[in-house]
Every structure is written in structure tokens, then in C-alpha cells.
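Numbers restart at 1 for each chain; the letters A, B, ... are given by sequence-line order, proteins then strands. All values reported here derive from a predicted model rather than from experimental measurement.
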Amino acid sequence: MDYLSELNEPQREAVLYTEGPLMIIAGAGSGKTKVLTTRIAHLMKQGVDAFRILALTFTNKAAREMKERVEHILGGTEARNLYIGTFHSVFARILRAEAEQLGYPRNFTIYDTDDAKSLIKAIVREQQLDEKHYKPNMVLNRISAAKNDLINYREYAQDFHLLQEDQRANRPMISKLYEIYVKRCFRNGAMDFDDLLCNMYVLLTRFPEALHKYQHKFRYIMIDEYQDTNPAQYAIIKLLGAVHENICVVGDDAQSIYSFRGATIKNILQFEKDYEDVKVIKLEQNYRSTQSILHVANEVIAKNKEQIQKMLWTDNTPGEKIRLVRTMTDNDEGRYVADTIAEQKLRNHYHEKDFAILYRTNAQSRTFEENLRRKNIPYRIYGGLSFYQRKEIKDLVAYLRLIVNSRDEEALRRIINYPTRGIGKTTLERASLIAHQQNTTLWMVLTQAAACGFRGNTLHAIERFVVMIRSFQIMLDTHNAYDVAFRVGKETGIVKDLFNDKSTEGVARYENIQELLNSIKEFTETPTEDGELLDKGLGSYLQQITLLTDADQGDEDSDVVRLMTIHAAKGLEFPCVFVVGLEETLFPNAMAIHSREDLEEERRLFYVAVTRAKSRLWVSYASSRYRFGNLVHNDPSRFLQEIPQAYIESDFSGTGMSVGDYRPVWDSGRSTAASGKTTATVSGVPARGQVAARTVIDHVPSDNFTPDPPDSFDTGMEVEHQKFGFGKILRLEGNPSNRIATIQFEKAGEKKIMLNYARLQALKK
DNA sequence: TCGGAAATGTTTTTT
DNA sequence: ACATTTCCGA
């Protein structure tokens, strides 16, 4: 029982309260994972069979970690039998076993977002709708939202409210598209991410035996991040838990950040009303952060209206104040962060892996990447493309998908003419038209190409293709998945093509393919465990990899700086955290400032970001940044103003600003309009959100004024600036591609000028 | 049918 | 800025 001694009072209570519904409100850093894992271990020590415990998480990583920690507490291998996984992966496993009841093949394909979008695109085209108006993304979001609310296409077609919304947006065909999409997926033997939830729900509601089976199988159910569940997940949990009612949900309403995925905070706010006698335990002691960081977090989240009352506190040291940093441009921001990491490493003996850079959108990663690379600081970007979403991987995987499930039209379309084999667009269009008219699959049409009226070279090409795929399919019965995949790579010529491509990308692609083959090998050769995990075929491999994300690629402990979105950082912690891009329209994002709910979610996002930090926190923003290829100026984020100044130390250095331009940030921005003209201090480009120069010089350029290129200047030179007039260069600094000159102007005084941007002319003597 | 050049859109977050 | 898609000539 010594595992209990490491817990505080409420934590222990949560572990020991095993029977009946339990809600744990776990503030950031309050030891939530510890409680969950200890609770599972405790149940098993009490004699509960691992096979009867279900734990659902939102990421594979969280699941893996949980399993490892339970194993660690218990020792031995019993923990392997636990059902721990993401909603999607656990349900995929169950649906695989039950697929035939639902009319799907056992080897059904799981469509990722790209597959789904490309199918929708094809449908929109077939329906001859305006592709600009019915964007795949938008249509899919609409369908996805309906599915997450358990509204099927029939119900959608009758839902006055939804139809009216579509009508108003001038998109009346969504309902029809939904219907076609669902039918097409079914015909293709495919489920998208949302279907994994919906079909699980269908299974439980339409097949009483299945309901009975799983209700009794899972005697204890635990759900992590309950604040991020959507109505479909909610309904499934309710059904699964109805017999034993041993449901334990863990969550923090303050960290609900997935409403765009259909998650609703209502689930956690109303849990108490869902069952009789719900035990509620709050974990309010934070073990992660310093007092300063926690104060800031508490202040930020207090601005939200709707939340469960709680007060996070900590015994930790007060720690340093958080640093607020303003820079001129996004590139300066990147440089500042890279410089600071280098400096902190030396000064406070940190390792690279102690740092994380958190941003609102993936697009922001680039400047940090560049600046880290320039300083030779190793880093890794999380998010973006997962390994399995890379083109070359998807291509080979598409072959495998088609072999395993020949109904999979998206896979077929992807590779039918890759590598090129003379089956072009025209042929494909014709074949799919026939397929849709006869309500059969594209593959069936191809297998009967002659009967369908194909002739000559085209017929020949199709037949060769069909024979090839069939030979792979036959091979699958006699060989393992790795052999088949290897043969596919070889016979299609994909591997050879990539091998011959000697460009950097080509080499990388070739290596990726090799890595894929290795991963298949590893999967098929890993010794099988007993029970339900026996299935090691290609089919289950394919289903599994679709559900993997970028964050699931190993090297957890590698000593690198981590870059990721705040969403991706949820559940993680780092000694030093940079939260960057705190600017209006970026964070809060422009998409989310029109309603209170959206804005509060952005604020929760900021809260999540702040609470990732253990000991040091930097918050930064840039006055101007490139977006869509052109320079835009942003005001500082409103969230910055919500932090009491007592907790902040401002740092505007290292930005090329002139000394003396030192004011609280929220004094800057538009307010300068009152003091007269807004003038750029550094770049010569007028910048909003920047402090006005104290003396505004009205210099009229000479007649022959023509700016010289940045590399034509040297220390000591006499120059003319378009705005500041005549002066002399005192110093030059910065790297050759971005030089900064300190110039003593006759009238405007000493200024720092970035030569890349300045309108500056050298004076001939 | 195929490859390169021009045009176009993308950026909110993810299983 | 970049990647993807579309267009156009061979």
C-alpha cells in the first residue's frame, strides 16, 4: 500500500473511492495523471481483472504514459491487459471485432482528414456544385459537427434549424452532400474519425447483445480530459457505464480548448446531475509551477465568467517574475527566443529539452526554427504532418490499403496512376461514372474493364494494374505484411524512383519509405500477447497508423527544444516556457473574437499555455509580422493587459529599439495617435503599436535622393536618411544579411537603423 | 497523357 | 512565403 503514501489527502480519497460515479476536478499540475494511474493500480491490487478496466484518453501519448506508470507501480506484465487508449483507437479496436454486424468489412479503412476532404471534393464536383463555395474543409466541418452531435444524415435533412443555417449561408446542398458522403464511405468500406464514435454509438444502441457484452465487460471506466468530450463520446460513455456506474471522470473546465472539435464544457458542468450520488473531489494543490506563474494563471482565468469555482495554490517557491518581451518583428521575436535559450543554458545550466516554445498557430513555427538553427540549438517541431501523412508514405500505404480493402476508392484513386501507367484522368472519370451509375465500386468496374467498354491501350493498362494488385492480395495469404509491403515497393517501382532521386528531399523520402517498411516489420514481428491483441495482420496495422499523430513518434527524452501549438502542449510541462505571438488577431485569434464563448476559450488556451511552465515563463509579441507574405501590424494581445503588472518584468531589449523607448506596453499602440504622428523608430516603415519617436523630424530629402542597398555602408560614413535627415554611422552590428547601423543624426539624434528596411543614401564626398 | 509554368489559396486549434 | 492546384503546350 506504499503507493498511497505519496498522495495528498484529496488525491488519496480519489484513489480509494472506487465504487460509483466520481468526478475529479483536477487543476493544472495537480497530479491528475498520478491519481488516475494509482487508481488503476489500486483497483488491480484489489483483485480487479485488468481486462475489465477501461481508460480513455485523448492522445496516444497520454495512454502510453498511463500504461507505463501503472506497470511501474505494479511491476509485472498484467497492466498490458488494460484497455487504455484514445477514444478513437479503443473504439476502432472494438468496431473491428464487430464490423460485420454493421455491414462493414473487418478490414475497414479509416479515412484521415485528407482522405475525407478529397472524397468530399470529388462529390462536390460530381454534383456540379461550385467548388469555391462548397469548400471541402467547410463541408467536412459541417458534417463532422453533425456527427459529433449524433445527428445522422436523415435527421439532418429534417432538422429545421440546421437547414436554415445552411440556407442562410447559401449552402442548401450540405444536407445532400452529407447523405452522399456517408453512403460513399460505407460503400468504400471506410470510416472517418467521427464514424469511429458514431458507429460505436450505433453498435451499442442497435445491437442489444453488443451493448450487453461491453457493458458487462468494462466494470470500471475512467475518462481523462473529460472537459474535452463531445456529445457522441458522452452518449457512449453513458451507455457503457450504465450497468456498473463505476465511472470516474477527470477534468478541468478551465482547460477546455477543443470546442471546435465538438467538445462541450456542458459534459463536465453537468456530470453531477447525470447520476445520483456523484462524489466530487477537487485537486487544488499545484505541484508544478512557481507561485509567480500560478498567480498569473489564476488572474488570467478569473476573467472568464463560466467556470467551476476552485482555487489553485502551491507550496512551491515564489520563483522569478514572468518576463514580458516586445520585439519589432516576428523575426526579432525568433531571435530573442533563440538568444535567450542560449543564454539561459549557460547561466542556469538548463538543457535544451527544458525549453518549450508555444504558439497559437502552426504557421508561427518557422521563424523560431530558423533562428534556432542559426544558433545550432537542436529542436523538434511537433504537430504539422505526422509521419504517416507524408506523401511518399501515403502513396505506399494506399497500395496496402487497396490490397486489404479493395473497396477503398480513395486509396485506389491515389495510386491508380502512380507511378504513371497510362491510366489518366479521362479513364478514371469514365470508370467512376460507371461505378456510380451501377452502384458498385470503382475496383469492380476495373476488374471488368472489357465488359465496361474499355479498349486498346487503356484496357491493357487497366488489366495489368488489376493483375498486379490481385497478385499482392494472393500473396497476403501466404506471406507476412512486411514481405507484401516490400514487394509492393519493389514491383511498383516506387522504391526505385525514390532511390534514384538524389536531391535532399528525395533521399529523405527514400529513407522514410525504409522506415515505413521497418515499422511494418516491427509490428508484424512483435510477439503477440494473449487475448484480444492477437491480431497482427496488415489490416490492423493500417487501422492503427491512421490514428497516430506526429506527437507519437518516439524520441521522448531527446535533448532538444520543443516547438508546438498550445493545443499540442496540453498535458505537458517544461521548466522554461516561451509563449509567443501574444497579439490581437493572432492570439486571441481573429476567428475567435466575435462571441464571448469563443473568446473565453482563447483565454483558457492562454491559461493552458501559462500553466505548462514549471519555473520560468516568457511571454512575447511582435509589433509587426509577416502574414500571407506581407507585413502586418498588430496590437498587443488583450490578455496581456489582464496580467497584473506586479507579476511582470518587461524586457524590450535586444530588439533594435532605441534606448528610452521604454514604456508599459499597453501604453503603446493606438494611443500614440493622441500625441501626434506615429513614427517608426527603427525601420523607416510607419508602425502601429509602437512608441512614437520623441522628436519628429520633418526632413525633406534632397532632389537626387536615391536609397542605396544595405551592403553599401560602412562605419564612419556620412549618410542621408529619407526621414531623419543627415548623419554619420557610428557602429554597424548584426549579421551581414541583417545589419543594424547606429547613426548620429544632426537633428534627430542617435538612432538604430535596420539597413534592410531603411531608405538610406550614402553621401559622396 | 504528361510535364512544367502560372495562378490560387492558405492560417486556428486535432483524433 | 509557400504549396498545391490548374492551365497549357507538346
>> Can you identify which nucleotide, out of B/dT10, C/dC2, B/dT12, has its nearest atom closest to the A/Arg366 side chain?
In response: C/dC2

> Would you say the base of B/dT13 and the side-chain of A/Arg261 have a donor-acceptor pair closer than 3.5 Å?
Replying inline: no

>> From NZ of A/Lys135 over to C1' of C/dT4, roughly how many Å is that when rounded to an integer?
In response: 15 Å

> C1' atom, B/dT12 versus C/dT5: distance in rounded Å?
Replying inline: 23 Å

> What nucleic acid atoms does A/Thr367 come within less than 4.0 Å of, heavy atoms only: base, sugar-phosphate, or nothing?
Replying inline: nothing

>> Against A/Thr86, only a single residue in A/Asn60, A/Leu196, A/Asp224 fulfils side-chain contact (heavy atoms from CB on, under 4.5 Å); can you say which?
In response: A/Asn60

> Can you tell me how far NZ of A/Lys394 sits from CD1 of A/Ile545, rounded to the nearest 0.5 angstrom?
Replying inline: 9.5 Å

> DNA chain B: A/Arg360 or A/Gly424, which has the more 5' nearest nucleotide?
Replying inline: A/Gly424

>> Can you tell me which nucleotide in B/dT12, B/dT15, B/dT14 comes closest to the side chain of A/Met591?
In response: B/dT12

> From C/dT5, B/dT15, B/dT11, pick the nucleotide closest to the side chain of A/Lys121?
Replying inline: C/dT5

> Below 4.0 angstrom from OP1 or OP2 of B/dT14, is there any side-chain N or O of A/Thr86?
Replying inline: no

> For the pair made of CD1 in A/Ile381 and P in B/dT13, what is the distance, rounded to whole Å?
Replying inline: 13 Å

> Taking the side chain of A/His567 as heavy atoms from C-beta outward, which of C/dT6, B/dT14, B/dT11 is closest to it?
Replying inline: B/dT14

> Hey, is the side chain of A/Thr426 poking within less than 4.0 Å of OP1 or OP2 on B/dT1, counting only N and O atoms?
Replying inline: yes

> How would you label the contact of A/Asn417 with the nucleic acid (heavy atoms, under 4.0 Å): base, sugar-phosphate, or nothing?
Replying inline: sugar-phosphate

>> Without decimals, in angstroms, what is the distance between A/Tyr359 OH and B/dT11 P?
In response: 15 Å

> Which part of the nucleic acid, if any, lies within reach of A/Phe587 when heavy atoms closer than 4.0 Å are counted: base, sugar-phosphate only, or nothing?
Replying inline: nothing

> In Å and rounded to the nearest 0.5 Å, what is the CG to NZ distance from A/Asp114 to A/Lys391?
Replying inline: 12.5 Å

> Heavy atoms under 4.0 Å, any strand shown: does A/Thr113 hit a base, just sugar-phosphate, or nothing?
Replying inline: base

> Would A/Lys121 and A/Glu126 pass as an ion pair if we require N to O under 4.0 Å?
Replying inline: no

> What nucleic acid atoms does A/Phe87 come within less than 4.0 Å of, heavy atoms only: base, sugar-phosphate, or nothing?
Replying inline: nothing

>> From the set B/dC2, B/dT15, B/dT13, return the single nucleotide nearest to any side-chain atom of A/Thr420.
In response: B/dC2

> Separation of A/His460 atom NE2 from B/dT1 atom P, in whole Å?
Replying inline: 16 Å

> Separation of A/Asp114 atom CG from B/dT14 atom C1', in whole Å?
Replying inline: 13 Å

> What is the nucleic acid contact for A/Lys61, judged by heavy atoms within less than 4.0 Å: base, sugar-phosphate only, or nothing?
Replying inline: nothing

>> Any carboxylate oxygen within less than 4.0 angstrom of a Lys/Arg side-chain nitrogen, looking at A/Glu370 and A/Arg366?
In response: yes

> Within the stacking criterion (centroid distance below 5.5 Å, interplanar angle below 30°), does A/Phe260 stack on B/dT12?
Replying inline: no

> Is it true that the NZ or CZ of A/Arg430 lies under 6.0 Å from the centre of A/Phe454's six-membered ring and within 45 degrees of the ring axis?
Replying inline: yes

> In whole angstrom, what separates A/Met200's CE from B/dT15's P?
Replying inline: 20 Å

> Separation of A/Asn634 atom CG from B/dT11 atom P, in whole Å?
Replying inline: 18 Å

> Within this structure, what is the CD1-to-C1' distance between A/Ile110 and B/dT15, rounded to whole angstrom?
Replying inline: 10 Å

> A/Thr427 side chain: which of B/dT1, B/dT15, B/dT13 is closest?
Replying inline: B/dT1

> Does the separation of the ring centres of A/Tyr359 and A/His567 fall below 6.0 angstrom?
Replying inline: no

> With a 4.0 Å cut-off on heavy atoms, is A/Asn362 in touch with a base, just the backbone sugar-phosphate, or nothing at all?
Replying inline: sugar-phosphate

